[in-house]
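This report refers to the structure that appears directly beneath it.
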Amino acid sequence: MPSAEDGKHLDFIRSIVAEDNRTGKWEGRVETRFPPEPNGYLHIGHAKSIVLNFGVAAENQGCCHLRFDDTNPEKESTEYIEAIKRDVRWFGYDWGEHLYYASDYFDQLFDFAVQLIKAGKAYVCDLSAEETRQYRGTLTEPGRDSPYRQRGAEENLDLFQRMRAGEFENGSRTLRAKIDMAHPNLVMRDPVIYRIKKVPHHRTGDKWCIYPMYDFTHCLSDSIERITHSICTLEFEDNRALYDWVLDQLGVYHPQQIEFARLNLEYTVMSKRILLTLVTEGIVDGWDDPRMPTISGMRRRGFTPESIRTFCEMIGVAKRDSMVDMGKLEWAIRDDLNHRSPRVMAVLEPLKLVIDNYPDGQEEELEAPYYPDDPPKMGYRKVPFAKELYVEREDFMEEPHKKFWRLAPGREVRLRWAYLVTCTGVVKDATGNVLEVHCDYDPATRGGDAPDGRKVKGTIHWVSARHSLPAKVRLYDRLFTVPNPSGTKDGSTFRDHLNLDSLLALEQARVEPSLAQAEPGARYQFERKGYFCVDSKESEPGDLVFNRTVTLRDSWAKMMKKENK
RNA sequence: UGGGGUGUCGUCAAGUGGUAAGACACGGGUCUUUGGAACCCGCAUUCGCAGGUUCGAAUCCUGCCACCCCAGCCA
């Protein structure tokens, strides 16, 4: 993993920072920033940026600012601001005093614009949006100068003041940087730096009716905050020319912009536009739907901040476009949860199991470790055992596959932490569905070990029919059926690739009684089934709801899948 | 046909002229009261392609090819 400590394998950004520290380029300062626009919730792609920016700063005793890039009030809101702060905090990162808003710089930005106008480097343009587009030219043809390009500074100043005063209609005029309409880089063809938008801003109210554009705002915000390394994604590479131009023209402090490849994850989307659509059209149940790749969705799903950080470290930082496979994210969360989750028994799809030779009214309490690999770590709980139990429907096969080691007629298996039982028969309904499985237990095997040393291949989990608690369990699957749902090569859209079975709600699950007081958000391993957490929104003491974070690795399922191909 | 980028194992990703790290995945095995975990072994004669320079090239040169981004008064 890239880190400042091991001194090698630094990713290219950390290498630049290390080199800058060596040469004293920034007097040893390292100041980064995470600059989200509050127009949606943060997702796993933002996590990559957060981990990078806060990580690089921390490794170099620097700091990372949280700055809201709030220059487009039409799409932004305080709800998003609060959600973003909550998510960054959840990761454990601290921006300290460094919470900023681009909107706090509006006055300074306006002054900088005036400075540009006075220097003959910006002008007010009366072209409409459509005309501006036509004058811009194309990828292969140069643009043409706006007829307003030669206005004098005085006139520009007057017009710009009046734009600010609200004298002109939306879209009627813009302030443009005067660069080069024939520039091969389209970004440099006299970019608009201020537009008229007569809409109130969530922080500045109706103080402004003109708002600065990203390219003008971002570099100057970085400059004002004395950022050293302004890290952003690849699609801003062309914008770097303008970033540098603005700061050079104004002669102000000049950070270095560095671009890296954004995260793409298989079977999901990072596009805020699509994510917003999923939410507004009710395709998912809100920004924090556990199927969403949002930080809030993943949190509700049961992911830990540590696992997401590990994942980000696994995938590295580079400049090439990539598509990361889900397996890596799953590995990261399993690895983390494996070490911190108490084991507990839950039967997702119950099948009644009756132990015929177990005394009718009898019951006993069995000791079961919460963490079998190192019992002292988490201790033990009591699990009630009785004549009637529930076991997992799929742990019984009347006509077992040759490699199926679980329950089947005549077969002996171990009930986890309880007894060895041998299947003696089944009860079916008229249509042949198995209603009950009958067994005999071996009283000498209490705890699960046979005194005669005989081995059983299969161990299954169970729950007492009478003592267990009802619970709802939600099984989640990928939201899309194809690795790259937003790829539109064949003209398809994300809508064509929605996985209609991404949510499976099991209403009849039974869990062991120790879970009665499970706290919202608490994480468990349901033995042999996966990692689950108590839903933080809908679970209540008498009405438990669990979300499956991720399954356990399942070599049996893998084998079956391979066989069916 | 303009400009900016990128091409190393199925997927990420090191490597910056001295003879292809690591991780995930995958295959095999050990162990096992989770078909989990853990542990062991294996897994690129080859770095988009073609030439060239060199004792020696993924690394240098030349020419191709492929993919991504840019024509918002979005960020």
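The structure presented is a predicted model; accordingly, all values stated were derived computationally and were not measured. The chains referred to below are lettered A, B, ... by the order of the sequence lines, with proteins before strands, and numbering in each begins at 1.
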Can you find a donor-acceptor pair, distance only, under 3.5 Å between A/K319 side chain and B/U6 base?
no
Identify whether any heavy atom of A/S128 sits under 4.0 Å from a base atom; if not, whether one sits that close to sugar-phosphate; answer base, sugar-phosphate or nothing.
base
Mind checking if A/K197 touches a base, just sugar-phosphate, or nothing, with heavy atoms under 4.0 Å?
sugar-phosphate
Would you say the side chain of A/L348 lies within less than 4.5 Å of the side chain of A/F532, judging by non-hydrogen atoms?
yes
B/G72 glycosidic conformation (syn if within 90° of 0, otherwise anti) is syn
Taking a pair as Watson-Crick or G-U wobble with both distances under 3.5 Å, which nucleotide is matched to B/U6?
B/A66
Per A/M314 side chain, nearest of listed nucleotides B/U1, B/A23, B/C69:
B/A23
Indicate whether A/Y214 forms a stack on B/A75; treat it as stacked only if centroid distance is below 5.5 angstrom and interplanar angle below 30 degrees.
no
Can you tell me whether the side chain of A/D373 and the base of B/G36 have a donor-acceptor pair closer than 3.5 Å?
yes
For a quick check of understanding: with a heavy-atom distance under 4.0 Å over all strands, which category does A/M213 fall into, base, sugar-phosphate or nothing?
sugar-phosphate
Under 4.0 Å between a side-chain nitrogen and a carboxylate oxygen: does that hold for A/E237 and A/K319?
yes
So that I can tick it off, tell me whether A/K197 and A/E74 are bridged by a salt bridge, with the cut-off set at under 4.0 angstrom between side-chain N and carboxylate O.
yes
Salt bridge flag under 4.0 Å for residues A/R340 and A/E306
yes
With a 3.5 Å cut-off and just heavy-atom distances, do the side chain of A/E266 and the base of B/U11 make a donor-acceptor pair?
no
Whether the side chain of A/N185 and the base of B/G4 hold a donor-acceptor pair under 3.5 Å is what I'd like checked.
no
Taking donor-acceptor contacts at under 3.5 Å, does the side chain of A/R334 reach the base of B/G36?
no
With the threshold set at 4.0 Å, does a side-chain nitrogen-carboxylate oxygen contact exist between A/E392 and A/R406?
no
For a quick test of reading the model: is some side-chain N or O of A/R320 closer than 4.0 Å to OP1 or OP2 of B/C67?
no
G-U wobble or Watson-Crick pairing nucleotide for B/A25 (cut-off 3.5 Å, both distances)
none
